[in-house]
Each structure stands twice: as C-alpha cells, then as structure tokens.
Amino acid sequence: MNDRRIIQPRTLKGFRDFLPDAMQSREWLIDTARAVFRSHGYVPIDTPALEYTEILLGKGGAETDKQLYRFEDNGGRDVALRFDLTVPLARFVAQHFGELGVPFKRYHVGPVWRGENTQRGRYREFLQCDFDTIGTESLAADTEAALVIHDIFAALDIGEFTIHLNNRLVLAGLLSELELAEHTADVLRSIDKLPKIGRDAVAGELRELVGASPAQADRLLAALTVTGTNEEVLARVAELAGGAADAGVAALTEVVAGLAAAGVAPSRARVDLSIARGLDYYTGTVFETFLAEIPEIGSVCSGGRYDDLASIYTKQRLPGVGASLGVDRLLAALEEIGKLDTSDAGPSILMTMFDGSRSADYVGVAASLRRGGLSVELYPEARKLGSQLKYADRKGHRLAVIIGGDEWSAGTAQVKDMVSGDSQTVELGTLEETCHRLLGTTPR
RNA sequence: GUGGCCGUAGCUCAGCUCGGUUAGAGCGCCUGGUUGUGGUCCAGGAGGUCGCGGGUUCAAAUCCCGUCGGCCACCCCA
C-alpha cells in the first residue's frame, strides 16, 4: 500500500528554487532597475530562451562553446540555450532593424544558462539584466549608460559604490606605444587579474605569456596604476602614452565631465586604467562597478562600448554601448553584508475570518477595502483567532480586521494594530477611512 | 574541465577519530494553558530514507568505492 516509489525531489547542479523571501529581494532589485531604465527612455524586450546554435556560436570562442547547453530538438534542429542577452540582442536588432529605428534603447531581464562550474554567486542558470543603446556613436550614450548604473545603485540605497571607468583606446594607445599591441587579448586578461594577484605577479605573467621585457611590463603597470583625481590620472596617462592614447583620453574626459554635470559624486565615478574587461568585443568606454563594503565579490555591473554589435547577422553597422547588472552576484553580495531587506511589502491588512458560513460577507468587506486602495489579505478559513493573528504577525501585516458575531450584528468592525497591540471598534462604514488613517495612506 | 573540503530533523549543528542498545541539542513548527485576540512565559507533541547507490561486517550515521549536490581555488565571468 505504502510502497509506492517516491521520486526524490532535487534540482540540478547550479539551478535553484527561489523561496518567497529570496524572490521578493529579486523583484525589489529588478523593479528598482526597471524604474531607472524607464526614466531614461529605455524600453523592454524579450527573446526566446532557445536559439539556433549557429546564432549563438556565431561569435565567441571555444570557451562559450564548452559552456553551451546544446541539443537536438524533436524536429532535428541543432539548438542551444542562450548564454547571455547580448548575442540574442544582436540577432534581434539585425532581424527587426527596419521596425526599430535608431537610436534603439532597450532593457532585457531574463535567465541565461552556462554549463560551467558553480561557486558562490555563480550558477548555471542565472538572471541577467541588460540595457543597451544601439545605433549611435555619441559619447552622450556612454555617459548615460554610466549614469544609469549610478542611478540604479543610488536608488537601491545599499551603501557606497564606485563605477570604474576606462577606455579601450587608452589601453590600445599604451600597448602600441609599448609595442605590445599584437598581444592585446592576453595582456588585457592579465591586467584584469591585477587586484587579485598583485602587481608583481601580473608583471611576471606578462613576461612569460607575451614575452614582455621587464621594462615594458614596468612602464605598462606604472601607467595603469596611476592614482589621483580623474583629471590628474588622465593628464598623466596622456603623457605616458606619448599621444598614442589621445582619442581615448578625450573620450574619457568627456564622459567624466558629463557625469560630473549630472551631479555624480567624484568618488562614485573614477577613471581606473586597470579595468580591462576580458571580453574582446569592447572597443571604447568600459565600466565595472564595485560595492565599497564588499569589493572582493567583483564587479556587480559591467559593460562598455562596442563598434559593431551584429556584424555577423547583418551588413548594417550597429555601434552601441550598454551594461549588464549581475543580479545574482549582487544579491549574494547584499546578503553577505546584511543589506537585504527581508521584511516583505505584502498586503498590510489581514482580514480575519470568524464564521465560515459567512465567508461571502468577509470577501465582500475585503473587496471593498481593496477598491479603496488598501492591500488586504483574507484568511481562508475560520480557524482559532489566535492562529490567525499569529499568521498576520508572521506575514508582517500591520493591521488585523476582526469581525465576529457581535460586530456583524452591531454593524461594526474591530481594527487591531499589530505593532502596538491596540485595537478599536468602528462602524463598518468608516472602516476604510480608519485603516487609511492608521496606515498613513490616502484613500483612492 | 582540473584539484581540495563538505553533505545528520524546516534551519544551525553535535555524534563519525577507536563500527554495537529506541540518532541528539538549540531555533522553528503544531497543540494546550488563555471556550473571540499574535509577538513573552509554561507544558506537551509532530518531524530524520543519517544526500543516494553499492561494498566490507554478526552489526555501518560511523570504514571503503561510486554517484548526486554544496562550498573553495584555478579558469572564465555576472
């Protein structure tokens, strides 16, 4: 009778369930970002999770190839799950270019999949939250991208943060001045490790990997680690690159000036020449964002400018600039530094049920309160009042409305303040007004 | 993908080194004390395939192998 085989409930490595608390944090984060995107004129899009493999493999090297969830569908098509939102955006823009017009500014929030090894804050299914401006080379778009990042982190109110800005043209200028240009990719990857393994180790790696002389490595690292105000750093690097980095310096100068004009504190937007970003499609501005309280978790929002988003899907040249908010990494960081507000913002009123045979009446009162702009949860059964109040307490409701036999016959309702424990009895006709007054909200 | 650590109640963990009676604790949950009032207190209770599978043994949470999952480093990146 009871020997029915139970399938063990489990989830795949790197895939997770989200319980209500975790999900509320995710929604808070995404809602905040979404509001900022909209305020700057970005519009939402979505694309399929599954694409033809040739679409996804068009760009990207052997690394993405390995990480791809790829299989043959029931119709014999070679398909794969998207591993980021940028490649689908490229396909999307190439395919719908005629209907979109430029500049095209979109944001996209959705899961992506990578079959790589897991770690804290790194999963096989994770959420990306991207925004990009396509079809303009104006640096105003770069400035805006940085400003969007700034506005999101300011709105989240999770402590201080710094957006590190650099420009690939500066790095390219330095590398050509130092005659290391042909090893750009390797050098950049090495530079990215600077904060992690330190200056000496990077110098060593440069010598081994690309055969840089100690003098070359020294000069490069000296330029990259220049400190000072944004203006000082820019002036110094222009000097060190001997004019080869002028275009990049000018671009960075303009972006920094724009951010200052927008009221961004200098401490929140810093020129940092050691920010390289391994991704090779960036060609101009690059940014990474670090939280002051937990910089070691890495960048929680990164991006940059690229010359041509979709060259493999269309002959239309599509320059752009954008960034990606690392939702899962950011949430992991906030959890660690105790900045996650787990108090839920659910309904503020619990309508208790006293007499199951009158459930329609309770539904009616709750509905009328909601029509007045209140958030009301109706307890679904006439359980012991103590249990219902306990439930209200656990769910974080601020008020409990109690209507029992006495109240029904008197045409009244009891309103209990869950924080103070005080309760008062009011006419049913003034219940809505009383709730609004106690909650400090205004009637609709 | 390579290497290391780990996996016991819903959660945090003890027990494992040197196999041996009904596997424990705190918190949480449920019930009662308070027949219509939560958060405190008191009493009681439910809840465990010791991740899963196999092996050694008279006997395995404990030893061995495999596997799944988590964490960490490398790699790469969000």
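By convention in this document, chain letters (A, B, ...) are assigned in the order of the sequence lines, proteins followed by strands, and residues within each chain are numbered from 1. In this text, all values refer to a predicted model and were calculated from it rather than measured experimentally.
In this structure, A:Phe126 counts as stacked on the base of B:rA78 under the 5.5 Å centre distance and 30° plane angle limits.
Contact annotation: A:Lys384 side-chain N/O to B:rG38 OP1/OP2 distance is not under 4.0 Å. Distances shorter than 4.0 Å separate none of the side-chain N or O atoms of A:Lys395 from OP1 or OP2 on B:rG38. Residue A:Arg16 places none of its side-chain N or O atoms closer than 4.0 Å to OP1 or OP2 of B:rG69. Using a 4.0 Å cut-off, some side-chain N or O of A:Lys13 falls inside it from OP1 or OP2 of B:rG70. Here A:Arg124 does not reach the OP1 or OP2 of B:rC76: none of its side-chain N or O atoms lies under 4.0 Å away.
For the residue pair A:Glu377/A:Tyr391, the side-chain donor-acceptor check at 3.5 Å is satisfied. Side-chain atoms of A:Ser423 and A:Gln414 include a donor-acceptor pair closer than 3.5 Å.
Cation-pi contact between A:Arg124 and A:Trp113: absent, since separation from the ring centre below 6.0 Å together with deviation from the ring axis within 45° is not met.
Rounded to whole Å, the C1' atom of B:rC16 lies 7 Å from the corresponding atom of B:rA61. For the P atoms, the distance from B:rG69 to B:rU31 is 38 Å, rounded to whole Å. Rounded to a whole angstrom, the distance from the P atom of B:rA23 to that of B:rG28 is 25 Å.
Residue A:Arg383 places its side chain closer to B:rC30 than to any other of B:rC76, B:rA73, B:rC30. Of the candidates B:rA78, B:rU37, B:rG1, the closest approach to any side-chain atom of A:Ser302 belongs to B:rA78. Distances were taken from every side-chain heavy atom of A:Asn117 (C-beta onward) to each of B:rC71, B:rA78, B:rA73; the shortest belongs to B:rA73.
Judged by distance alone, with hydrogens and angles left aside, A:Arg122 brings a side-chain donor or acceptor within reach of the base of B:rC76, the pair sitting under 3.5 Å. Taking 3.5 Å as the limit, the base of B:rG39 and the side chain of A:Asp393 contain no donor-acceptor pair of atoms between them. Between the side chain of A:Gln388 and the base of B:rG36 there is no donor-acceptor pair of N/O atoms closer than 3.5 Å. Below the 3.5 angstrom threshold, one finds a donor paired with an acceptor across the side chain of A:Arg329 and the base of B:rC77. Between the base of B:rA78 and the side chain of A:Glu288 there is no donor-acceptor pair shorter than 3.5 Å.
Both A:Cys301 and A:Leu385 lie near RNA chain B, and the one whose nearest nucleotide falls closer to the 5' end is A:Leu385. Ranked by how close their nearest RNA chain B nucleotide is to the 5' end, A:Leu127 and A:Ser423 are led by A:Ser423.
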Step-by-step ring pair (Phe, Tyr, Trp, His ring centres under 6.0 Å) determination, A:Tyr107 to A:Tyr42: CA-CA 6 Å; A:Tyr107 66 90; A:Tyr42 292 82; 7.7 Å; no
Worked check of salt bridge (Lys or Arg N to Asp or Glu O under 4.0 Å) between A:Arg122 and A:Glu116: CA-CA 9 Å; A:Arg122 290 179 63 171; A:Glu116 65 179 336; 2.9 Å; yes
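Across all strands, A:Asp406 comes closer than 4.0 Å to base atoms (heavy-atom distances). Within 4.0 Å (heavy atoms only), A:Gly421 reaches at least one base atom of the nucleic acid.
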